[in-house]
J.: 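Shown below is the structure under consideration.
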Protein chains: 2
Amino acid sequence: MIDALDGRIIELFTAEPRVGVLEASRRLGVARGTVQARLDRMARTGVIRGFGPEIDPAALGYTVTAFVTLQLRQAGGHDPVAAGLAGIPEVIEAHTITSPGDMLCRVVARSNADLQRVIDLIVATEGVERAASVISLANQIPARTLPLVRAAGRES
Amino acid sequence: MIDALDGRIIELFTAEPRVGVLEASRRLGVARGTVQARLDRMARTGVIRGFGPEIDPAALGYTVTAFVTLQLRQAGGHDPVAAGLAGIPEVIEAHTITSPGDMLCRVVARSNADLQRVIDLIVATEGVERAASVISLANQIPARTLPLVRAAGRES
DNA sequence: GATCCGCTGTACAGGTTGCACAGTGATCCG
DNA sequence: CGGATCACTGTGCAACCTGTACAGCGGATC
């Protein structure tokens, strides 16, 4: 999948996204073309999805994060519900999960009171029967992928 | 927090991260210095966390995603457990949540069998009493922040 | 032994960045 | 109302980086 050099490239660009390809090649001790080729390949194979800006919802005022488990009406399936949820900006992510007929959503809101409003929107979505929510008190391990990269880079 | 122009800047860089500041200023119809200043400000205030590469765990072979709810032993608190979990690469994210004494983790694995191994690691962590896991069958709404940006940009 | 593939080192033109400056309009405040 | 502050504009410049191409080299494959 990826090798140790790929891992080091990803690590470097994660730590300092502003470095260019040339500077990266200097730091890693390889030719510029190599770094470029590796980046191209990883982008092509999908390992690197992109270099878009990472937005912090908290800095935008959405300081409350919650996980909402949905119970769906059996008929109709998941997709229409997902489409409905996609219309709610505060629904940041949604998965269908193993518990039959259920979904798990990640939701943000400006306050606990605002969360109530968002949950009401979710429950009002066609096909949603019940919603159980759990509020995140602290993000003990912020989303990370570097350990995976290191693990994948070591073994191959 | 952010205004409409900030929103358009974020949107543009999300859609096409490779465009430079100059090209962005041309497309948005503003001066280059403005785009630069906005980006600097958003980076300074934390709205934009960074421009690091987004890694797709699935492309690295970690095709299984699961959400694991932990029940912790009362004594000891959350932090030591979080520290222990941080040592497991497959634990991608962890939150303490409202259910007293509990945590919610996002976990990836190479297969369902591999997931078992990861969960065993988690349960073996000092302070963890029980783990209940839910497997993600489909990512109906992939992690997104653009709707928030639009919402925040419109209103201010 | 021949071939393929990836890495290296080099070269070049064109574009971009970082920085600085002065001018302008809007907003705020005494 | 005058004055100050602030953000945006438009411009300029040197330095740097990117995209691309090419030839040489070593390892792996068959």
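Just so we're clear, the structure is a prediction, and the values are computed from it rather than from any experiment. Every chain is numbered from 1 and lettered A, B, ... according to where its sequence line falls, protein lines coming before strand lines.
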J.: Does the A/Thr96 side chain pair with the main chain of B/Ala138, one donor and one acceptor, at a distance under 3.5 Å?
T.: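 Flag set: sc A/Thr96 to bb B/Ala138 pair under 3.5 Å.
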J.: For DNA chain C, which residues in residues 13-27 of chain B have a heavy atom at a distance below 4.0 Å?
T.: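 Hits under 4.0 Å, by residue number: B/Gly20, B/Val21, B/Leu22, B/Arg26.
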J.: Would you find a donor on one side and an acceptor on the other, under 3.5 Å apart, between the side chain of A/Arg32 and the backbone of A/Arg26?
T.: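 Checking the backbone N and O of A/Arg26 against the side chain of A/Arg32, no donor-acceptor pair under 3.5 Å is found.
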J.: Where do N or O atoms of nucleotides 20-29 of chain D meet protein N or O atoms at under 3.5 Å, pair by pair?
T.:
| from | atom 1 | to | atom 2 | distance (Å) |
| --- | --- | --- | --- | --- |
| D/dT20 | O4 | A/Arg32 | NH2 | 2.9 |

J.: For atom CZ of B/Arg117, decide whether the heavy atoms of other residues, nucleotides or ligands shown that lie under 6.0 angstrom number more than 12.
T.: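 Enclosed: over 12 neighbouring heavy atoms sit under 6.0 Å from CZ of B/Arg117.
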J.: Determine whether more than 12 heavy atoms belonging to other residues, nucleotides or ligands lie under 6.0 Å from atom CZ of A/Arg27.
T.: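 Yes.
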J.: Just the rounded figure in Å: distance from P of C/dG6 to CZ of A/Arg38.
T.: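 For the pair A/Arg38 CZ and C/dG6 P, the rounded distance is 9 Å.
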J.: Using five base pairs at each end to define the local axes, how bent is the helix from C/dG1-D/dC30 to C/dG30-D/dC1, to the nearest 10°?
T.: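 Overall, the helix from C/dG1-D/dC30 to C/dG30-D/dC1 bends by 50° from one end axis to the other.
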J.: Taking the basic N atoms (NZ, or NE/NH1/NH2) and the acidic carboxylate oxygens, is any pair closer than 4.0 Å for A/Arg110 and A/Glu90?
T.: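 No, no charged N to carboxylate O under 4.0 Å.
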J.: Could you go through A/Gln116 and A/Asn112, starting from their C-alpha distance and side-chain angles, then the distance that decides it, and tell me whether this counts as side-chain hydrogen bond (donor to acceptor under 3.5 Å, both in side chains)?
T.: CA-CA 7 Å; A/Gln116 182 63 61; A/Asn112 286 345; over 6 Å; no
J.: Charged N to carboxylate O below 4.0 Å: is that the case for A/Arg150 and A/Glu11?
T.: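 So A/Arg150 pairs with A/Glu11 through a salt bridge.
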J.: Over how many whole Å does the gap from B/Phe51 atom CZ to C/dT17 atom C1' extend?
T.: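 After rounding, the gap between these two atoms is 15 Å.
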J.: Check A/Leu104, A/Asp102, A/Ile97 against B/Val134 for a side-chain contact (heavy atoms from CB on, under 4.5 Å) and give me the one that passes.
T.: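 Of A/Leu104, A/Asp102, A/Ile97, side-chain contact (heavy atoms from CB on, under 4.5 Å) with B/Val134 is met by A/Ile97 alone.
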J.: Between atom CD1 in B/Ile9 and atom P in D/dA7, what is the gap in whole Å?
T.: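 Value for this atom pair: 14 Å.
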J.: Give the rounded distance in Å between these two atoms: CG of A/Leu39 and P of D/dC17.
T.: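 Taking atom P of D/dC17 as the reference, CG of A/Leu39 is at 16 Å.
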